[in-house]
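The structure that follows is given in the form of structure tokens.
As a basis for the values below, the full set of heavy atoms in this structure was taken, side chains included, without hydrogen atoms, waters or symmetry mates. Just so it is clear, the model here is predicted, and its values are computed rather than measured.
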Amino acid sequence: MTANIFNKWSAGTCDTLALGVLTEGIGLRLPIVALPHFNTALAAHPAVRRSVTVLREEGVTVLLGENGFTPHPPERGNVAAYPWATAVAALPASR
């Protein structure tokens, strides 16, 4: 999830089907896990910090930081190191 999508989602923007589904999921109180992917410069922006707070307050499991995705320096991303297994492990067990 890019910083753009992350910030739009926390603001309730539904200008794409994917954002609409995520936004509705919060309203339906569905268990949602978010695993962002952006660099340290974007992560340092106040909008991203606010978005993390808003989404966590709404019950979204945001895997950002030590127990999830750690932002990388600009132009130093390693897609192969993206922690997919962390997101899958954070999903609730099926009923």
Side-chain angles (χ1 to χ4, degrees):
M1 177 175 294
T2 65
N4 182 49
I5 297 298
F6 197 68
N7 291 330
K8 283 182 164 188
W9 180 24
S10 73
T13 302
C14 298
D15 60 355
T16 66
L17 176 61
L19 279 168
V21 170
L22 287 170
T23 301
E24 186 175 30
I26 288 174
L28 292 170
R29 310 308 292 166
L30 297 174
I32 302 171
V33 175
L35 185 60
H37 185 273
F38 37 74
N39 66 40
T40 52
L42 292 168
H45 194 281
V48 171
R49 290 193 303 273
R50 285 190 299 269
S51 294
V52 170
T53 299
V54 165
L55 293 171
R56 285 181 174 160
E57 286 176 352
E58 292 303 319
V60 175
T61 301
V62 179
L63 301 174
L64 181 62
E66 189 176 318
N67 296 320
F69 175 76
T70 302
H72 52 79
E75 300 181 19
R76 301 273 190 229
N78 179 359
V79 175
Y82 191 67
W84 289 106
T86 302
V88 173
L91 293 169
S94 61
R95 298 178 200 190

Open item on the list: Tell me the closest heavy-atom pair linking Asp15 and Leu19, and the distance in Å.
Closed with: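 Distance-wise, the nearest heavy atoms are OD1-CD1, 3.2 Å.
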Between side-chain atoms of residues 42-51 and protein atoms elsewhere (two or more places apart, or another chain), which donor-acceptor pairs fall under 3.5 Å?
from  : atom 1 : to    : atom 2 : distance (Å)
His45 : ND1    : Ala47 : N      : 2.9
Arg49 : NH1    : Ala44 : O      : 2.4
Ser51 : OG     : Asn7  : OD1    : 2.6
Ser51 : OG     : Ser10 : OG     : 2.7
Ser51 : OG     : Ala47 : O      : 2.9

Task: Joint hydrophobic cluster, Val60 plus Trp84, side-chain heavy atoms closer than 4.5 Å - done: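 Per the 4.5 Å side-chain linkage, Val60 and Trp84 are co-clustered.
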Open item on the list: By the salt bridge (Lys or Arg N to Asp or Glu O under 4.0 Å) test, which pairs, at least two apart or in different chains, include something from residues 30-42?
Closed with: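 Qualifying pairs: none.
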Task: Pairing residues for Glu24 by the side chain to side chain donor-acceptor pair (under 3.5 Å) criterion, not counting sequence neighbours - done: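 Here no residue qualifies.
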Task: Check: Trp9 and Ile32 side chains under 4.5 Å, non-hydrogen atoms - done: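 Contact flag for Ile32/Trp9 side chains = yes.
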Open item on the list: Do Val54 and Leu30 sit in one hydrophobic cluster, given that two such residues count as connected whenever their side-chain heavy atoms are within less than 4.5 Å of each other, even indirectly?
Closed with: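 Different clusters.
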Task: With Thr53 via side chain to side chain contact (heavy atoms under 4.5 Å, CB included) - residues at least two apart - done: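 Side chain to side chain contact (heavy atoms under 4.5 Å, CB included) check on Thr53 returns Glu57.
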Considering only distance and modelled atom types, tabulate donor-acceptor pairs under 3.5 Å from the side chains of residues 70-77, sequence neighbours left out.
from  : atom 1 : to    : atom 2 : distance (Å)
Thr70 : OG1    : Gly65 : O      : 3.4
His72 : ND1    : Gly77 : N      : 3.4

Open item on the list: On a heavy-atom basis, which atom in Pro36 and which in Tyr82 lie closest, and how many Å separate them?
Closed with: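 Heavy atoms only, the tightest pair is O-CE1, 3.5 Å.
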Open item on the list: Can you tell me how far apart OG1 (Thr61) and CG (Asn67) are? Round to the nearest 0.5 Å.
Closed with: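 Interatomic distance, Thr61 OG1 to Asn67 CG, rounded to 0.5 Å: 11.5 Å.
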Task: By side chain to side chain contact (heavy atoms under 4.5 Å, CB included) - contacts of Ala87 (at least two apart) - done: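 In terms of side chain to side chain contact (heavy atoms under 4.5 Å, CB included), with neighbours along the sequence ignored, Ala87 is linked to Val33, Leu35, Leu63.
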Task: Connected via hydrophobic side-chain network under 4.5 Å: Val21 and Val62 - done: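 No, because Val21 and Val62 fall into different hydrophobic clusters, even though each may have its own neighbours under 4.5 Å.
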TODO: If the plane angle is over 60° it's perpendicular, under 30° parallel, otherwise tilted; pick one for Phe38 and Phe69.
DONE: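 Ring orientation, 0 to 90° scale: perpendicular.
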Open item on the list: Quick check: do Leu22 and Ile26 have side-chain heavy atoms less than 4.5 Å from each other?
Closed with: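 No, every pair of side-chain atoms sits at 4.5 Å or beyond.
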